[in-house]
Amino acid sequence: SRELDGPLDRTARPFPGAMSAQIDLSTFNSIVARLEGVADRLEKGSGGGGASAAGGGQAAGGADDPAIALAFDAFLAEKLPALRSAAAEEGSADLKEATEMFCDACTLLRSTFAATGCCQKPADADWGKILGPVMELGKKAQQACDNRSDYFQDRKAVAEAINVTTLSTATSPPAHVQNVLETMDFHAMKVMQKKNDKETAWVKALKATVKDLKDWCSENCKLGLSWNLKGQAAAEYFAKTPLGSKAGATAAPAAKGKGAGKGPAPPKAGLAGPPKELFQQMRQDAPGKAEPAGMSAVFAGINNFSTSALKKVTDDMKTKNQERKPAVVPAAVPAKAKAAAAPSGRYAKGPRGPPILELQKDVNWMVENYDGVPDLQVENVTMQQLVCIINCRNTTVKIPGRVKSICVDGCEKVNVICTDVVSAVEFVNCDRCNAQTLGKVQSIAIDKCNGINIWLSKQSLEAEIVTAKSSEMNLTIPDEAGEEGDMIEMPIPEQFVSRLGAGKKLKTEVSSIYNA
């Protein structure tokens, strides 16, 4: 800290002995003002008041941070306390940990905003290394999703919401945040269906934060981030200050004295010698008589050799007393074969080759043989194209644009999230698959399937559903009479009653078990 007896008098005075010459001290005054500003910030930082609104991460927001970072601090100070309060009120450790993961993601995003004021725009090849902490956090969030836990859907919603941190690479951040909002909404509705008031309040707070972030991006970075053209190279800056690290942690403070960045000179007396206590201990530990060395030590060891310490060979160790083994060793019983990773045969479902994602003849998007991919997105689709999803397992396919039709064939545990479909969405020979519509769909066809769940949006309530040779089908629609996010789930009939009526005409009706 600095101590001043009084305010500085920066008025120009003549040097002693000068008669009428006046010196312009404006440059000196500006330098002093800047130094005083730096000293003020250092004094505030030493008092522990430099925490950012995000609750950690890089250096505290100060006057040197760009305007977008300060605006984001204000946004986080307004939104994150409500989210943390909802998690604390619910009381579960899973929600608290998931909430802190989302707050850490916001901290990483704030670090990106702060970097825009002092470095150039990163090259496309550098983003993978720069976003390393973001990828690590996203991987940690995905690994925390345990489908056996009661909070699996909550964890999945947070894992999807963390993807907002990559808006710095998008040309339209509001559109990127909107895509993330639509993806996490699939899991948010699952949480709301549990009818747990405290858990519903938490997921609504998370959804509101992401939704308000879209509006914030529209005001502050609608067409992408603005970087400093004259700043430091991005690769060099982020190598010294990775995302989430504290500013200044990579550089040591400058030494006081002459020179630019050099440390203080060594003392004139040279390096200090070891203490006297060490010499005394060395003298006490020194042996009274030197041990022999070289060949003298070898001959001394031979002369003093004794066989008393050697192990004795007992009778049972001798070869003549050991049990003779047969000359022919019986073949080992083969271990029980492990279960195959995927079923084989004509009716097997799942991958049958390398994964394929390509556009054929500018008409057909082929998505084949994907296994365990949680976020597979088909980009740049048009209304004249159809999407074929074939032989996939444990995969979520997102189709953000309007397409002609969607066909899912030979898949298992596949989730399809689509926007608008002109013709129909078809499921053929599939097991335990889900389909969610975010826009309008005209028709849905299900043939030879088991365990199909259909989620319709308000625009698709008039869609026609055709089923054949299928079972365990459910339809979920929004509850217009309930609150936002309330859904109604109903089974699709698979049992029918047929009677022979007048004129020998067969009359078929849905079984009475569905009347309830």
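Numbers here are sequence positions counted from 1.
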**Student:** State, to 0.1 Å, how close Ala161 and Met184 come at their nearest heavy-atom pair, and which atoms those are.
**Tutor:**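 In terms of heavy atoms, the two residues are closest at CB-SD, 4.0 Å.
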**Student:** With a sphere of 6.0 Å drawn around CD of Glu136, does it hold more than 12 non-hydrogen atoms of other residues, nucleotides or ligands?
**Tutor:**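 No - once you tally the heavy atoms of other residues, nucleotides and ligands closer than 6.0 Å, there are 12 at most.
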**Student:** For Trp227 and Tyr237, what are the C-alpha separation, side-chain angles and deciding distance, and is it a ring-ring contact (aromatic ring centres under 6.0 Å, His included)?
**Tutor:** CA-CA 13 Å; Trp227 300 80; Tyr237 172 83; 8.9 Å; no
**Student:** With a 3.5 Å distance limit and no angle check, can you tell me whether Gln385 reaches the backbone of Thr382 through a side-chain donor-acceptor pair?
**Tutor:** yes
**Student:** With a sphere of 6.0 Å drawn around CG of Leu229, does it hold more than 12 non-hydrogen atoms of other residues, nucleotides or ligands?
**Tutor:** no
**Student:** Strictly below 4.0 Å, N to O, side chains only: are Glu160 and Lys398 in salt-bridge contact?
**Tutor:** yes
**Student:** Tell me the ring-ring contact (aromatic ring centres under 6.0 Å, His included) pairs involving residues 452-476, sequence neighbours left out?
**Tutor:** Phe186-Trp455
**Student:** Is the Phe72 ring parallel, tilted or perpendicular to the Phe113 ring (thresholds 30°, 60°)?
**Tutor:** perpendicular
**Student:** At their closest point, which heavy atom of Leu357 faces which heavy atom of Val367, and how far apart are they?
**Tutor:**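 That closest heavy-atom pairing would be CD1-CG2, 3.5 Å.
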**Student:** Please name all residues satisfying side-chain hydrogen bond (donor to acceptor under 3.5 Å, both in side chains) with Arg499, sequence neighbours left out, ordered by chain then number.
**Tutor:** none
**Student:** Could you give the distance from CG (Asp197) to NZ (Lys194), rounded to the nearest 0.5 Å?
**Tutor:**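 Taking CG in Asp197 and NZ in Lys194, the distance rounds to 12.5 Å.
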**Student:** When you look at CD of Glu462, are more than 12 heavy atoms from neighbouring residues, nucleotides or ligands closer to it than 6.0 Å?
**Tutor:**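 Count not over threshold, so no.
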**Student:** If you count every heavy atom of other residues, nucleotides or ligands that lies below 6.0 Å from Asn147 atom CG, does the total exceed 12?
**Tutor:** yes
